[in-house]
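Since the structure comes first, as C-alpha cells, the remarks are kept for the end.
Note that the structure is predicted; figures quoted are calculated from it, not measured. Every chain is numbered from 1, with letters handed out A, B, ... down the list of sequences. Values below: all heavy atoms of this structure, side chains included; hydrogens, waters and symmetry mates excluded.
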Amino acid sequence: MRVKVQLVSQINFVIIRITMYQTKKILREKIEDRLKLEWPVTAEDIELTSTPDEKLGDLALSLAFPLARKLRTNPRTIAARAVELLSGLEGVERIEVAGGGYINLFLDRQSFFDQKFKNLDRSGLEPEEKKIIVEHTNINPNKAAHVGHLRNACLGDTLARCLRYKGEQVEVQNYIDDTGVQVVDVVFGLIELEKKTLAELEKMTDKFDYYCWDLYTRVSRYLADHESARNRKAEILKKIEHGQSPEADYAYFVSRRILRAHLATMSRLDITYDVLPCESSILRLKFWEKAFARLKEAGAIYYSTEGETAGCWVMKLEDNEEREKIIVRSDGTLTYVGKDIAYQLWKFGLLGQDFYYEPFATTGDRTIWISSGEPTDYDVHFGGGSQVYNVIDVRQSYLQKVVVQGLRALGYKQEAAKSIHFSYEMVALSPRSLSEIKVELSDEDKERTFVEVSGRKGLGVKADDLIDRLEEKALAEVDKRNPDLKEAAKKLIASQIAGSAVRYFMLKYARNSLIVFDFDEALNFEGETGPYLQYTAVRLKSIFRKFEEKKGMTGQELFTKVADSQFDLSQLKPEEARDFWELVVYGSLLDEEVLRAIATLEFAGLAKFTFNLCQKINGYYHRYSVLAEQNEKLKTFRLKTIYFAHQRLNQALDLLGIQVPDKM
RNA sequence: GCGCCCGUAGCUCAGUUGGAUAGAGCGUCUGACUACGAAUCAGAAGGCCGCAGGUUCGAGCCCUGCCGGGCGCACCA
C-alpha cells in the first residue's frame, strides 16, 4: 500500500538550533587574537576538538605540538604559556595542560546552559551558493527500482536535506532517460515478443514495473541469442529518438508508466523531486546541437579520420593523451556523454535555453514538474545552478570526468570546479539473499562471495519487495504493542518504520563501502537501526504528551517561557551534572556534523552521531526519572534537558529522512 | 597493462580530514519490566588495524613495496 506521509519538518522545531558550532567559532577568534601576539599562529591552526574523556575538559587544542617544532622547544612549555595567555577567556571556566602538551578548555557550564537555552535561533550556519542542484535517482524508466537505486536516492535526498538545513536553496532533479537503449529493449519486447498493442498495455493495472523487469531480462537474453533482431532494435532506437512514430508512443507510455511507479516507490521513503528533465526533451529542443557547435568551435572535440575511431567526433582525455572518448558515433548518433555535457551546461544555465514544463505529480504540497519539448501554459523555470551535485555510482567516474572536461574545454572553469560527482559504491547481493529471491546463477557467479545487482540479468532485490517485507514485519510488531489502534493508523506507522529501516541502512555505510545486501541485516529493527532511532524519539514524544495532558503546557512553552534562573546547576548531584552536560554538549554538535557531512559527502558519520545521541538520551532518562520527579525545580530542569535533546534528535532524524510516529 | 577503491573484534561496519587508552551494532554470556514504552537499559568476553619498511614528538590514517579482493579503461548507459 502507498501511504501518503506528512513531512515532519514544518511543525516543531523551527526555532531551536542550539549549537556548539557558534561557540567554537567565537572562541577560535578570541584565542587567535591572544596567541598571535606572541606566536605565529593563524585561524587554521586553532582547531577546537573534543577531548577523549569528559573529565579532561570540553574542548581541546593541540596546537602546542606543531608550534613546538617550529619554535624548537617543548610542547608542554608552549601549552603552559598558552594557558597563561588564555586566562580569563569569556565563557571558559578554566584551562589545563594535559598529556604531552594538550591545552584543554573547561567551559563555564552554567553560562553555556543559560546562554544557549536563551538564544535559540542563532545557528551560525549560512548559505554559500546562489542555488544548488542535486541530481539523483536517475533510474532508467524500463523496469522496477531495486536496492541499488534506493542507495542512490537515499544519499541524494539526504544531501539535499543537509544543504537545505544549512540554508542553501536546493533544486532536486531526477533525470529520465526516456529514449535510451534500456527503454528501447522493453519496447522491442512489447512489440516483437509480447505482441501487445498500446490499448492492451493501458488496460494492465497491476505492477507494470514488475512486468517490465521480467520482460527486460527476457529481451536481453533474446537479443544476445538472435543477432538478426538487432537491426530491428536499432530501427526502434532511431524512431524513438526521432519521435512521432508508433514506437515512440510505446516509449512514451512505458517511460511514463514506469516513472510513476518509481515516484511511488520513492515516496514510500519520503523522497521527492522538483523536476524531471527528460532526454526526449533534450533531443526535441536540440540542446545537443548547441553544445556540439560550441565544442567544435572551442576545439574541444574533433573529427577523427583514422584508426578505430575514424568517422567519429571524439574528445581527447586530459590526463591521458593516448585515449580518446567518442562523443558522436560514426553513424551520426550521439553517445550518452554527449547528452550529458549538454545537460550539465543547462544545469548551470550556460545553454541560453530552457525546457518547457508541465506538472507531472504531487507529493504532499509539492509539485513535481516534468520537462517538455513542446511549449506549455506554465511559466516555470529550472536549472541555472551555481553548484551541481551528480549522485552517480563510482563506476561512472570516468564518464563524469569527461563531462567536466567538456565544461572546462568550453572555458567554464568555475562551473567545472563546481561540478561535483557524488560517487558511491554499488549494492551487491550476498549468496544467501540470492537464494531468497530464487534466482539462478551462472557458474561464474556461483564462485563469487557476492554478485553485482544487474537489471539486465534480472539480478536484484526489488525496492518495493524489500519495503513490503519491512512493512509486513513492522505491522506485526505494531500490532503486538498497540493492538487497539485503528488498522489505517497501524499501517501508516508500519510504513514509517519500514522507511526508517531502509534509509538508515542505506546511510550507515560510508559511501566508498560496498554494501553486500543481506535480508537479515536490512530487516533488523534493533540496535543500530532506523527503528531504534525512531523508538527513542517516540518515547520522548510520549513523555511530552503526558506532560501536556497533566499541565496543559507543551514542551516548547516550558522550554521558552519558564526562566532558566529557576535552576542552578550547582544544585545537581555531580553524577547528574555530568550526565546532563554530556547530553547537552553532544546534542549541540549536530550542526558541525551536518557541515562535515556536506564537506565530505559522507552521511555515515551523521547517522552514527544520531544513533549515539539516541543512546545518550535513552541512558539519561533511564537513570533520571522525569515526570515522576517530586522536586519541581529538578523536574523542570530535566524536562528542559530532554526537550533540548528531543529537538536536536528530531532535526537529525529529519535530515536522515526518518519520520516520528506518535506511537510504534 | 594502466587508473580508482577496499582489507580494523566471530560477522557487518565506524574511526572527526596525523592527536590522548582503536569504537559501535549483531552474535555469545550475566543482569534489569507492579513501565515517563524492554524495538530499551546496565555489564562481560572478544584486536600483530592484511604483511614489511619509511616519514615524525606522535601513524588505523601519510609515502614505498608486497599479498588478497572489487570496479573502471565501449561507436552501452
Side-chain angles (χ1 to χ4, degrees), chain A residues 47 49-53 56 60 62 64-66 68-69 74-75 98-102 104 138 140 177 180-182 308-314 317 319-320 322-323 325-331 333 335-337 339-340 393-399 423 425-426 428 448-450 452 456 474 477-478 480-482 497 508-510 512-516 518 520-521 524-529 531-536 538-540 542-547 589 592-593 596 599-600 602 604-605 607-609 611-612 614-615 618-619 621-629 638-639 642 663-664:
Chain A
E47 202 188 349
T49 58
S50 299
T51 58
D53 190 308
L56 291 169
S62 59
F65 296 104
R69 184 164 19 168
N74 186 318
Y102 290 95
N104 291 342
N138 301 5
N140 270 298
D177 188 0
V181 290
Q182 293 210 19
E308 287 181 349
T309 58
C312 302
W313 285 89
V314 301
L317 295 184
D319 53 352
N320 188 345
E322 301 294 300
R323 289 228 311 266
K325 174 70 197 165
I326 290 166
I327 308 293
V328 181
R329 304 183 188 104
S330 55
D331 66 357
T333 57
T335 62
Y336 164 77
V337 194
K339 291 168 204 162
D340 220 24
D393 79 65
V394 67
R395 290 170 297 183
Q396 292 200 43
S397 299
Y398 162 67
L399 291 169
S423 82
E425 260 292 354
M426 57 180 180
R448 296 166 170 266
T449 53
F450 63 84
E452 185 179 340
R456 193 168 289 275
E477 298 288 330
V478 172
K480 205 158 63 188
R481 285 157 234 252
N482 300 282
I497 293 170
K508 72 193 273 193
Y509 301 94
N512 259 339
S513 166
L514 178 114
I515 299 179
V516 180
D518 186 88
D520 287 347
E521 281 172 39
N524 187 19
F525 289 170
E526 287 165 19
E528 197 191 339
T529 66
Y532 170 88
L533 310 191
Q534 232 168 4
Y535 180 73
T536 306
V538 166
R539 286 184 59 181
L540 285 176
S542 67
I543 290 177
F544 286 103
R545 188 173 49 239
K546 290 195 173 159
F547 172 71
L589 294 173
E592 281 171 86
E593 288 295 335
R596 200 201 319 281
T600 59
E602 199 62 83
K608 190 71 133 189
F609 167 81
F611 171 69
N612 288 335
C614 285
Q615 286 192 316
N618 283 329
Y621 71 68
H622 195 264
R623 281 190 294 280
Y624 308 106
S625 62
V626 180
L627 295 179
E629 175 57 46
R638 286 178 182 168
L639 268 165
I642 62 162
K663 294 181 176 180
M664 68 183 276

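In terms of position along RNA chain B, the nucleotide closest to A:P66 lies nearer the 5' end than the nucleotide closest to the other residue of the pair A:I497 and A:P66. Nucleotides of RNA chain B nearest to A:S542 and A:K325 differ in position, and the one nearer the 5' end is that of A:S542.
In terms of heavy-atom proximity, A:N512 sits nearest to A:E425 at O-CG, 3.2 Å. When all heavy atoms of A:V337 and A:L399 are compared, the closest pair comes out as CG2-CD2, 3.4 Å. Residues A:S625 and A:R638 come closest through the heavy atom pair O-NH1, 2.8 Å. Minimum interatomic distance between A:I497 and A:P531 (heavy atoms only, all atoms of both residues): CG2-CG, 3.9 Å.
Of the candidate nucleotides B:rC41, B:rG37, B:rA20, B:rC41 has the atom nearest to the side chain of A:H622. Comparing atom distances between the A:M426 side chain and each of B:rC71, B:rA39, B:rG19 picks out B:rC71 as nearest. Listed candidates were B:rA77, B:rG37, B:rA39. Nearest to the side chain of A:Y336 is B:rA77. Listed nucleotides: B:rA20, B:rA77, B:rG37. Nearest to the side chain of A:T51: B:rA20. When distances run from any side-chain atom of A:L56 to the nucleotides B:rA20, B:rC26, B:rA77, the shortest one goes to B:rA20. Here the nucleotide nearest the side chain of A:R69, chosen from B:rG58, B:rA20, B:rA39, is B:rG58. For A:Y532, taking side-chain heavy atoms from C-beta onward, the closest of the listed nucleotides B:rG70, B:rC57, B:rC41 is B:rC41. Of the candidates B:rC57, B:rA24, B:rG37, B:rA24 carries the atom nearest the A:F611 side chain, counting heavy atoms from C-beta on. Among B:rG37, B:rA20, B:rC26, the nucleotide with an atom closest to any side-chain atom of A:K546 is B:rG37. Looking at the side chain of A:M664, the nearest of the listed nucleotides B:rA39, B:rU40, B:rG70 is B:rA39.
Between A:Q615 and B:rU40, a side-chain N or O to OP1/OP2 separation shorter than 4.0 Å is absent. Distances shown here put every side-chain N or O of A:R623 at or beyond 4.0 Å from the OP1 or OP2 atom of B:rC41. The side chain of A:R448 contributes an N or O atom lying less than 4.0 Å from OP1 or OP2 of B:rC71.
Rounded to an integer number of Å, the gap from CZ of A:R395 to P of B:rC73 is 10 Å. We find that NZ of A:K663 is positioned 10 Å from P of B:rG37, with the value rounded to whole Å. We find that CG of A:N612 is positioned 9 Å from P of B:rG25, with the value rounded to whole Å. Between the CZ atom of A:F450 and the P atom of B:rG69 there is a distance of 12 Å, given to the nearest Å. Remark: P of B:rG25 and OH of A:Y535 are 17 Å apart, rounded to the nearest angstrom. Look at CZ on A:F544: it is 12 Å from P on B:rG37, rounded to the nearest Å.
Partner assigned to B:rG19 is B:rC57, using Watson-Crick or G-U wobble distances below 3.5 angstrom. Base-pair partner of B:rG65: B:rC51 (Watson-Crick or G-U wobble, both distances under 3.5 Å).
You can call A:Y102 stacked on the base of B:rA20; the centres are under 5.5 Å apart and the planes sit within 30°.
Comparing the same atom, P, in B:rU64 and in B:rA22 gives a spacing of 28 Å after rounding to whole Å.
No donor-acceptor contact under 3.5 Å links the side chain of A:D393 to the base of B:rA77.
For the residue pair A:N618/A:T536, the side-chain donor-acceptor check at 3.5 Å is satisfied.
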> Reading nucleotides 3-15 of chain B 5' to 3', which nucleotides get B (base under 4.0 Å from a protein heavy atom), which S (sugar-phosphate only), which -?
Replying inline: --SS-----SSS-
